[in-house]
Chemist: 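Below you will find the structure I want to go over with you.
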Number of protein chains: 2
Amino acid sequence: MQKSLILPSASDFHIHLRQDDLMNMVVPRIAEGGISLCYVMPNLKPPITSTEQALAYKDKLEKLEPNVTFLMSLYLSPDLTPEEIRKAKAAGIVGVKSYPRGVTTNSDSGIESYTVYYPVFKTMEEVGMVLNLHGEIPSDIEQDICVMNAEEKFLIHLKQLHNDFPKLKIVLEHATTKAAVEMVKSLGDTIGCTITIHHLQLIVDDWAGQCHNFCKPVAKFPHDRKALRDVILEGHPRFFLGTDSAPHPAHLKECAQSCAGVFTTPLTLPYLATIFDSFNALPMLKSFACENGKKFYSVKEEKCREIKLIKETLPVPNSYPFGDTQPGIVIPFWSGKTLTWKIDQS
Amino acid sequence: MQKSLILPSASDFHIHLRQDDLMNMVVPRIAEGGISLCYVMPNLKPPITSTEQALAYKDKLEKLEPNVTFLMSLYLSPDLTPEEIRKAKAAGIVGVKSYPRGVTTNSDSGIESYTVYYPVFKTMEEVGMVLNLHGEIPSDIEQDICVMNAEEKFLIHLKQLHNDFPKLKIVLEHATTKAAVEMVKSLGDTIGCTITIHHLQLIVDDWAGQCHNFCKPVAKFPHDRKALRDVILEGHPRFFLGTDSAPHPAHLKECAQSCAGVFTTPLTLPYLATIFDSFNALPMLKSFACENGKKFYSVKEEKCREIKLIKETLPVPNSYPFGDTQPGIVIPFWSGKTLTWKIDQS
């Protein structure tokens, strides 16, 4: 039985770092989880739609945590111009994130149309920026579209975009279905895919009435979870870690209408090692969490350090407090449970 | 546009009336919802497994509400004997409820086996008692069984039971899928099916992160909801109202692990009329809510009264308080929303 594992610090290619009090709690905990590089989501209030906003946000993050590399992204909206893309690229911004809500303004009968963004995508392809897709189409009762098939029904759009922009690097974010895994595998080398920690563990039963396991896209059937695990076991190089860690105050989870999001940042590698161990995937942990993503993004990292994981029990905290003036707590994934791997602090 | 509707008071063939403080709150509200007959679930703590318990519970219910007819049921367990069935029948008890948990003790690889109960079922068939099935099999990751397909995978057992006991009246409770509707339609006249209020309205999206819409079986795809609505529009006589109304204190819903159940009792007919109106099914309301169930169960009712529904707005209360020593609240289905039909109190 393997008792320890030495890795380079990992990369999280999909993370929500929030603002203000929550940001002040989360950012210093990135390194705790064994992460030294992260790709930061732009869905702030207001969303990050310009180079200036992205650089100002990056500056705040770096001041809070100088030992982590922050890769920045812009929020796709109809206001984004090819000029802004060139400016962003020159400033070191790495990609653009597309959310389904932003697309529905240009949708036809619930089917998304990306056509309006084609000049932006063309420029991104030229300058070498990455397009990050939240791959779900909006629910539509008449068309039998709901949270359980919204990802599968989106995949045709991924294929079309890849066909129209074969050199544009596109990442299907937080894949949850067998259909998504198969589609990504079927496409060319410019198509990557992130997988979260929690989607390697949860199925639909786990978020039925369990708000802390509720996120979008929702976890799906057992055969879907198996497909996510299988593509990792296979060692496919275009699948890599993007946790989609998304902290919310507990009172916005334990209520009538819960916010979507699972918080994993402080224990990223301990969660991953525990789950990978459970399906005999430890040999794939390094490529999945530390290598594949950086290769896909063609990024070099300067802040990498060595991490030693050891097979010892680690209780997940019940909560993480945040905020000075208005204190709150965030309840992490698997709160109160015990992990079987931890980072050696010696 | 129809402005009013006169019906006999309705029958709810699947209701949870609880115990103690919750019972004291719920039972007096049955008639408020336009119900004068209900078939009472036996899943108390401890469950009702004997004739004596059922009669004692019935006595409590009748003292609280003399204007409602309470039909009683027993909880199926391996301890239930053919002798007890004969005794129950003689005492006026109407049926026996099977829950999946009680069956898994005799299951093989997650597939339920009812064989151990065949002597009991044989006696029920002889004396004329009804078997009520919670039609789900337990989730099983290895067999790809989860809350989304647990009902569909159960249906083969319904078919088998019907085949083995063709004269036994069996009700598939709270159907949620197109597959269930089709199976019930395909079987003989001794197979009935209840449909809840909330499953005529909700899909999976509605309980994703919304604990007050979370119940078991969970609401499923839009095409499943359509099948439930279609079988009502068709006027099929073996489908009838069983609300599965199941009150829980709010603090056991708005928490990390929510209890399953939707509370609809105080507004049964206003909810139903509002939802039926939305899919042009008002002409079917009387047969579905007032006639089909009593015909299937062959029960005569003595406490029926006339109800006048009028098309006027009715706000759903935010909550129903209960309890004297330890006060709590129950949050009803659609709390804070406005119904379009109400019961005329004049």
Side-chain angles (χ1 to χ4, degrees), chain A residues 110 136 138-150 153 178 201-227 229 248 250-262 278-279 318-319 331-337, chain B residues 110 136 138-150 153 178 201-227 229 248 250-262 278-279 318-319 331-337:
Chain A
E136 291 192 297
S139 290
D140 182 326
I141 293 257
E142 293 307 314
Q143 299 197 42
D144 201 33
I145 298 164
C146 59
V147 293
M148 289 299 287
N149 60 17
K153 303 258 187 190
K178 185 178 184 200
Q201 184 60 38
L202 305 175
I203 62 165
V204 51
D205 292 45
D206 298 303
W207 58 264
Q210 296 182 60
C211 58
H212 298 299
N213 292 335
F214 166 59
C215 59
K216 291 281 189 74
V218 297
K220 305 206 168 59
F221 287 84
H223 73 261
D224 292 308
R225 191 186 79 167
K226 181 170 189 302
R229 291 180 168 196
H248 290 286
H251 73 279
L252 299 181
K253 294 289 277 181
E254 298 183 2
C255 58
Q257 186 137 10
S258 304
C259 290
V262 174
S278 76
F279 66 98
N318 291 320
S319 64
I331 297 183
F333 181 54
W334 266 355
S335 71
K337 295 200 180 179
Chain B
E136 291 192 297
S139 290
D140 182 327
I141 292 257
E142 293 308 313
Q143 300 197 44
D144 201 32
I145 298 163
C146 60
V147 293
M148 290 299 287
N149 59 18
K153 303 259 187 188
K178 185 178 184 199
Q201 184 61 37
L202 304 176
I203 62 166
V204 51
D205 292 43
D206 298 303
W207 57 266
Q210 296 182 59
C211 57
H212 299 298
N213 292 336
F214 167 59
C215 60
K216 291 281 190 72
V218 297
K220 302 205 170 59
F221 286 84
H223 72 262
D224 292 308
R225 191 185 79 168
K226 182 169 189 302
R229 291 180 168 195
H248 291 285
H251 73 277
L252 298 181
K253 294 289 277 181
E254 299 184 2
C255 57
Q257 186 137 11
S258 305
C259 291
V262 174
S278 77
F279 67 97
N318 290 320
S319 64
I331 297 184
F333 181 54
W334 267 354
S335 72
K337 294 200 181 179

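Since the model is a prediction, treat every value here as computed from it, not as a measurement.
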Chemist: Any donor-acceptor pair under 3.5 Å linking the side chain of D205(A) with the backbone of C146(B)?
Modeler: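 A pair under 3.5 Å: no.
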Chemist: Which atoms of I141(A) are under 4.5 Å from chain B, going by heavy atoms: the side chain, the backbone, both sets, or neither?
Modeler: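 Both backbone and side chain of I141(A) come within 4.5 Å of chain B.
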Chemist: Check each atom of A208(A) against the heavy atoms of chain B and say whether the ones under 4.5 Å are side chain, backbone, both or neither.
Modeler: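 A208(A) touches chain B through backbone and side-chain heavy atoms alike.
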Chemist: Check ring pair (Phe, Tyr, Trp, His ring centres under 6.0 Å) between H223(A) and all other residues, then give those that pass, not counting sequence neighbours.
Modeler: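 H223(A) satisfies ring pair (Phe, Tyr, Trp, His ring centres under 6.0 Å) with F221(A) once adjacent residues are dropped.
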Chemist: Please list, one pair per line, the donor and acceptor atoms closer than 3.5 Å that link side chains of residues 209-219 of chain A to other protein atoms, with sequence neighbours excluded.
Modeler:
from: H212(A); atom 1: NE2; to: E254(A); atom 2: OE2; distance (Å): 2.7
from: N213(A); atom 1: ND2; to: D206(A); atom 2: O; distance (Å): 2.9

